[in-house]
Amino acid sequence: FGEQVSMETRAKDRANVIAYSKRLSRLTGVPITVTNTNPNFHILFLYRDEQKTVGPTLLRQVPGLNPIVIDEIANSPRNTFCVAYAFSNKQNSNAYTSAIILVKAEHSDLMRLSCIHEEMAQAMGLANDSPNARPSIFNDDEEFALLTRHDELLLKMLYDRRLKLGMTPLTARPLLPSIANDVLGGRS
């Protein structure tokens, strides 16, 4: 949290991140906990003027962070409410190993909560928005503020054990009908 973020807002946002982390963990099977010790997922709640000076802090928290990402965070335009940057390691470019999320602290409680939902889920692997994703927070029409049941099903499918990192669409596509059927509990 930036220095200017009130203790009340910090408590609210932290509680939302913790609750949502538990939900994402249940949906994906990935153990997710909120910690200040060696995190691989950083969520920044900053006011606009705090963004400009966050570079040295980011470099301490994420050694080797690309200067382009630091610049994008520092100079994020006003009309960008929040953004996620997910990173993979050199050994496996198909696997996200860390993420940085910027949430603009000046926004309303609902907008910050919406940012938590969308950006954390995108950093879990649902990275692309689509106008065809409905009902979903993963389209840019901003009709849905919070993770929908549809989004939950997409996350469950993405983390299904039958899908492996690095699979091509050609290899994964034949598995999707049975994964979808299982996720839906046999309903089609």
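Each residue takes its place number in the sequence, starting with 1.
Between L44 and I100 there is a side-chain heavy-atom pair separated by less than 4.5 Å. Within the 4.5 Å cutoff, no side-chain heavy atoms of H150 are placed close to those of F144. Between I73 and Y85, some side-chain heavy-atom pair lies under the 4.5 Å cut-off. Under the 4.5 Å side-chain criterion, counting only non-hydrogen atoms from C-beta, E72 is not in contact with L102. When side chains are defined from C-beta on, I101 does not count as touching V83, because their heavy atoms never get closer than 4.5 Å. Here the side chains of D129 and E118 are in contact, with some heavy-atom distance below 4.5 Å. Between V30 and S25, every side-chain heavy-atom pair lies at or beyond the 4.5 Å cut-off. The shortest distance between side-chain heavy atoms of V103 and I43 falls below 4.5 Å.
Under a hydrophobic clustering in which Ile, Leu, Val, Met, Phe, Trp and Tyr are joined whenever their side-chain heavy atoms come within less than 4.5 Å, directly or via other members, F81 and I137 fall into different clusters. The hydrophobic cluster containing I32 also contains L126, counting ILVMFWY residues as joined when their side-chain heavy atoms lie under 4.5 angstrom apart, directly or transitively. V69 and L59 fall within the same hydrophobic cluster, where Ile, Leu, Val, Met, Phe, Trp and Tyr residues are linked whenever their side-chain heavy atoms come under 4.5 Å apart, directly or through other members. Residues M120 and L46 fall into different hydrophobic clusters, defined by Ile, Leu, Val, Met, Phe, Trp and Tyr side chains chained together at heavy-atom separations under 4.5 Å. Hydrophobic clustering (ILVMFWY, side-chain heavy atoms < 4.5 Å, transitive): L27 and I179 are in distinct clusters.
Sequence neighbours left out, the pairs with a member in residues 108-184 that pass disulfide bond (SG atoms under 2.5 Å apart) are C82-C115. Residue pairs satisfying the salt bridge (charged side-chain N to carboxylate O under 4.0 Å, His left out) criterion with at least one member in residues 94-113, sequence neighbours excluded, are listed as follows: K12-D109, D13-R112, D109-R112. Applying the salt bridge (charged side-chain N to carboxylate O under 4.0 Å, His left out) test to every pair with at least one member in residues 42-65, sequence neighbours left out, gives no pairs at all. Every pair passing ring pair (Phe, Tyr, Trp, His ring centres under 6.0 Å) that includes a residue from residues 18-60 is listed here, sequence neighbours excluded: F1-F45, Y20-H117.
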- Message: Using the rule given for side chain to side chain contact (heavy atoms under 4.5 Å, CB included), can you reason through V62 versus F87, listing the C-alpha separation, both sets of side-chain angles and the distance that settles it, and then say yes or no?
- Response: CA-CA 11 Å; V62 187; F87 308 101; 5.5 Å; no
- Kindly indicate, with the supporting measurements, whether the criterion side chain to side chain contact (heavy atoms under 4.5 Å, CB included) is fulfilled by T33 and K22. CA-CA 8 Å; T33 57; K22 290 176 183 176; over 6 Å; no
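L147 approaches A121 most closely through the heavy-atom pair CD1-CB, 4.2 Å. Scanning both residues, A105 and V5, for their nearest heavy atoms gives CB-CG2, 3.7 Å. The nearest pair of heavy atoms linking N139 to S136 is ND2-O, 3.7 Å. Scanning all heavy atoms of the two residues, the minimum distance from A127 to Q122 falls at O-NE2, 3.4 Å.
Alongside L110, the hydrophobic cluster contains no other residue (criterion: ILVMFWY side chains under 4.5 Å).
Within the 3.5 Å criterion, the main-chain N or O of D71 finds a donor-acceptor partner in the side chain of N75.
Residues D151 and T148 bring a donor and an acceptor atom of their side chains to less than 3.5 Å of each other.
Within 6.0 Å of the CZ atom in R14, the count of heavy atoms belonging to other residues, nucleotides or ligands does not exceed 12.
When the salt bridge (Lys or Arg N to Asp or Glu O under 4.0 Å) test is applied to R162, the partners found at least two apart in sequence or on another chain are D160, D182.
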